[in-house]
S.K.: 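Here's a structure for you.
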Amino acid sequence: MSRGDVLKYLVILALLIVVPPVLPKEYFRYLIFLSCVFAILALSADIIISGAGLLTFGHQAFFGIGAYTSGALNFYQGVEPLVGFLAAFVVSGVSGILFGYICLRRLRAVYLAIATFGLGAVVFLIARNWYQFTGGLTGLRGLDYPSLFGFEINSELRFCYLGLALLLLTSYFIYRLWHSRLGRAIIALRENEELARSKGVSPIFYYTVAFSIACAFAGLSGALYVHEMAVVNPMLFQFNYMIIIFIAVLVGGKGRLPGPIIGATIYVCLTEFLRFAENLRYALMGVILLIVVTFMPSGVYPFLLSQAHSFTNFIKQWLRRKGYGTNP
Amino acid sequence: MDWATLGQMLWCGIERGAIYILFALGLTLCFGVMRIVNMAHGELFMLGAMGVYSLMTYFGMSFFPAMLLCIALVAILGIAFNRVAVEPFVIRNPLAVLLSTIAVSFVLVQGGNAFWGAIPRTLEFPFPQVLNVASVSVSAKGIAAVIVSAITVFTVYLFLTKAKMGKAMRATSENAIGSTLVGINVKRIYVYTMMVASAIAATAGIFAMSSVTASPSMGQGLLIIGFVVVIVGGMGNIMGCIVVGLTLGIVEAIFGQYVSMIFRQAFLYGIMVVVLLVKPQGLFGGR
Amino acid sequence: MAPILKIIGVSKDFAGLKALHDVDVQIQEGEILGVIGPNGSGKTTLTNVVTGFLPPTAGSVVYKESLISGLPPEIIAAKGIARTFQITSIFPNLTVEDNVIAASYLRTSGSLWGAFLHTKAYRREEAKLRQQSIESLTLLGLQGKGSAPANTLGLAEQRRLEIALALAIAPKLLLLDEPAAGLNVTEALELVHLLKSIHRKEITLVVIEHNMKVIMQLCSRIVVLNYGVKIAEGTPEEIAKNDEVISVYLGGELESA
């Protein structure tokens with residue numbers, strides 16, 4: 001990492017620490033927290049979509065599984081939420097192995113999309129109807145707030161920091177993943193499955209691993225989400241959350257780390273700014289999704305990058321024409 | 001053995017199956033000819049139902065004119081839908097169509113909720129009689145639904161085998177590039193396919209109201225069942241559609257009665273998942 | 001020299017089409033074997049069967065005394081058998097250097113923990129990977145192209161990259177499927193030199209080719225297939241004089257040898 005990079009990251013870190021407390025409204029802190037939750041969720045889905053190059057239309061199931069793992073453990077057994085987060089991570093990851101192995105053995109592309117869609121729908125149905133465990137439509141209420149060594153996370157500000165911390169952790173993990181042997185095997189499969197096999201990479205093994213890692217982080221985001229709300233209910237398994245993921249990944253830009261984070265933030269901000277439209281809110285969001293898919297197919301982040309690139313080039317050329325060299 | 005209940009369930013199953021067949025027919029046509037998965041198909045179905053309801057309630061039309069007008073309107077909407085959500089992507093990236101159709105579906109459902117409200121509506125069919133056949137209660141509108149379904153399927157079959165346009169559609173589904181080479185205007189075929197699929201979906205929606213209530217989100221659950229039928233029957237396979245649609249309707253009704261009402265739908269999805277794992281091309285499929 | 005690979009009575013049917021019929025070939029360790037035959041004679045099918053991309057309908061493939069027929073490609077690759085593909089196969093969107101690193105999967109043992117915690121062992125292995133990658137690219141004349149996306153390379157360079165990828169698994173046996181296709185005379189000559197230098201590293205080569213000049217200059221032994229059946233086997237001189245082989249090629253290509 002160059003000195004410029006370190007400086008860049010330090011500035012971002014400083015902003016992340018300093019900005020939340022100085023925001024005028026508690027509500028803005030909530031928005032940041034929500035953005036973190038959906039950013040982690042979107043990043044996790046992007047592991048499958050951009051990393052492994054596979055389609056999943058059921059990722060929301062793991063958001064819900066993680067939420068319920070932590071929520072139910074806390075509700076029925078009084079388990080400390082942070083431990084619940086870990087459990088959510090593990091349980092979602094393991095169910096991802098199961099789910100993934102079933103689907104990924106033989107299915108690709110459209111069929112995989114439909115299978116994951118169907119499986120996601122089944123999970124929702126089971127959750128909604130298994131009211132003895134999930135609490136039916138009302139869900140489980142009165143969940144505890146997370147606490148760390150006696151320090152309770154009970155304010156929006158603290159949740160903000162918790163969310164940001166987990167987001168940073170997730171981002172770092174994903175970044176390192178793609179520079180590891182495991183990650184490279186997954187990328188090789190995405191680029192050329194046949195060639196990767198001839199180099200010793202087993203598709204079913206690595207696709208399943210990628211899937212389960214993604215599901216684990218989805219579960220983490222679910223657990224984080226519900227302990228702030230102190231409620232967990234089966235509505236978390238709805239396809240709406242998959243749409244949020246798609247919006248975040250497509251609008252933000254898939255493949256690179258900042259993309260889904262930006263996308264999630266845009267989504268959260270949009271739901272707020274579109275509040276005036278009341279019931280048409282989601283309809284408008286669908287329209288926006290359609291527009292983005294049509295005109296900015298790679299997403300906002302790559303678009304911004306390319307604009308920044310052309311802008312810097314433009315400045316450089318202007319300077320050169322004026323007689324200033326770019327290398328002093 | 002309670003034959004009366006079993007008979008009632010069988011009839012229920014046939015009623016539902018008739019609608020499933022119609023709904024899945026449109027889906028499988030879209031996939032067969034255009035190779036796309038139309039995630040908004042349920043909404044076209046919904047618009048058929050809500051459309052007729054609106055025409056009859058707010059414009060005072062009677063059933064048959066409303067039905068015909070609505071089907072025509074939805075067919076035209078299908079053309080617009082094709083232009084906006086399908087055409088730009090179908091060549092470049094068929095999978096992008098999945099996402100654009102999801103977007104449209106979203107817009108339609110939420111728009112529908114905003115416009116009509118989420119309250120379920122019932123439709124006044126012009127034939128409210130209920131018959132009693134061998135201690136099974138059979139409603140006239142149910143019979144109408146089954147008859148309409150059968151007629152539609154037969155018409156589509158005739159169209160695809162005898163009509164020039166129908167044969168062109170089949171050619172396109174076999175080989176789109178080859179079809180272009182022999183002079184078939186594939187783009188226009190896509191438009192007509194979408195039109196036909198939308199019209200069938202609207203019909204299914206209208207007659208579905210013989211047994212269920214209508215609401216803007218009625219298409220969502222049905223979409224998944226549509227997938228089950230299409231996948232188990234084989235994507236693009238009309239025969240599979242018919243056989244599986246009917247069977248699934250009956251099986252679902254029987255399962256619901258004798259095993260568990262709550263997990264009835266989960267049972268259907270389970271069948272789909274099993275088929276996907278064992279024979280992804282579907283029971284009748286060959287691709 | 002002991003046989004490194006034994007193809008024993010291998011047949012492959014595709015719903016009525018007999019792509020291979022009762023083929024027996026023994027590949028001696030350290031040799032360069034050529035496989036020739038008209039289009040559709042089963043050469044690529046044979047490669048696919050040996051490398052695990054297709055299971056044989058009958059017969060078996062034995063590599064160094066262990067049975068490998070029916071195993072999946074990734075397992076066979078792990079045993080030390082590498083291949084190139086008839087249609088040049090690389091990782092298109094990765095850089096040339098990343099291509100080689102990705103292909104080095106079998107030669108590394110990195111753990112996720114190491115990557116996550118950025119341990120010294122991890123850093124050492126990363127450095128080693130980069131080093132090996134540069135060496136490999138230099139061997140194949142691709143030094144300096146490391147950071148170019150692989151899909152911007154020209155055909156001949158992509159071919160060489162493909163060979164670099166095959167070598168990245170440290171194979172003992174390398175099967176090349178028409179490596180000289182589409183290359184001009186100079187490029188083909190460079191390929192021959194390249195393959196000879198690879199051979200010097202004690203790797204057994206099997207070369208499927210149509211280009212007779214390349215075959216004749218490289219191979220110590222040749223096997224001829226026609227319609228899925230082995231019709232001849234022997235030294236280049238023997239094959240050139242073989243009546244059946246000549247008639248199969250209608251006297252065309254062999255004369256250019």
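No hydrogens, no waters, no symmetry mates; every other heavy atom, side chains included, goes into these values. All chains are named by letter (A, B, ...) in the order of the sequence lines, taking the proteins before the strands, and each is independently numbered beginning at 1.
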S.K.: Considering only heavy atoms, which portion of Ser109(C) lies under 4.5 Å from any heavy atom of chain A: side chain, backbone, both, or neither?
M.R.: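 Interface part for Ser109(C): backbone (N, CA, C, O).
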S.K.: Using non-hydrogen atoms and a 4.5 Å limit, figure out which bit of Ala82(C) sits close to chain A: side chain, backbone, both or neither.
M.R.: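 Nothing of Ala82(C), per the 4.5 Å heavy-atom cut-off to chain A.
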S.K.: At a heavy-atom separation under 4.5 Å, does Ile75(C) approach chain A through its side chain, its backbone, both, or neither?
M.R.: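 Answer is neither: Ile75(C) stays 4.5 Å or more from chain A.
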S.K.: Please flag which part of Glu126(C) lies under 4.5 Å from any non-hydrogen atom of chain A: side chain, backbone, both or neither.
M.R.: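 Contact with chain A: side chain only.
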S.K.: Which bit of Phe85(C) is near chain A, if near means a heavy-atom gap under 4.5 Å: side chain, backbone, both or neither?
M.R.: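 Side chain of Phe85(C) only, per the 4.5 Å heavy-atom cut-off to chain A.
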S.K.: With a 6.0 Å cut-off on ring centres, are Phe173(A) and Phe217(A) close enough?
M.R.: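 That pair passes the under 6.0 Å test.
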S.K.: Does His210(C) reach the side chain of Lys43(C), with side-chain heavy atoms less than 4.5 Å apart?
M.R.: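 The answer is yes, as the side chains (C-beta and beyond) meet within the 4.5 Å cut-off.
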S.K.: Quick check on the interface: out of His179(A), Glu191(A), Arg184(A), who has the most heavy-atom pairs with chain C under 4.5 Å?
M.R.: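 Ranked by heavy-atom pairs under 4.5 Å with chain C, first place is Glu191(A).
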S.K.: What part of Thr108(C) is in contact with chain A, defined as an atom under 4.5 angstrom from a non-hydrogen atom: side chain, backbone, both or neither?
M.R.: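 Contact with chain A is through both the backbone and side chain of Thr108(C).
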S.K.: Tell me, out of Thr51(C), Ile76(C), Ile90(C), Leu117(C), who's got the most heavy-atom pairs with chain A below 4.5 Å.
M.R.: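 Highest number of pairs under 4.5 Å: Ile90(C).
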S.K.: Could you give the distance from CZ (Arg83(C)) to CG (Leu195(A)), rounded to the nearest 0.5 Å?
M.R.: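 The CG atom of Leu195(A) is 10.0 Å from CZ of Arg83(C), to the nearest 0.5 Å.
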S.K.: Which of parallel (below 30°), tilted (30 to 60°) and perpendicular (above 60°) describes Tyr206(A) and Tyr105(C)?
M.R.: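 If you compare the ring of Tyr206(A) with that of Tyr105(C), the planes turn out perpendicular.
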S.K.: What is the minimum heavy-atom distance between Thr116(A) and Cys103(A), and which atoms define it?
M.R.: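 In this case the closest contact between Thr116(A) and Cys103(A) is CG2-SG, 4.4 Å.
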S.K.: Tell me, side chain or backbone of Leu165(C) under 4.5 Å from chain A's heavy atoms, or both, or neither?
M.R.: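 Both backbone and side chain.
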S.K.: I'd like to know which of Ala102(C), Ala78(C), Ala103(C) tops the heavy-atom pair count under 4.5 Å against chain A.
M.R.: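 Top count of heavy-atom pairs under 4.5 Å with chain A: Ala103(C).
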S.K.: Would Gln86(C) and Thr44(C) count as a side chain to side chain donor-acceptor pair (under 3.5 Å) here? Give the steps.
M.R.: CA-CA 8 Å; Gln86(C) 202 169 5; Thr44(C) 302; 3.1 Å; yes
S.K.: Which label fits Tyr172(A) and Phe116(C): parallel for a plane angle under 30°, tilted from 30 to 60°, or perpendicular past 60°?
M.R.: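 Tilted, since the angle between the ring planes falls between 30° and 60°.
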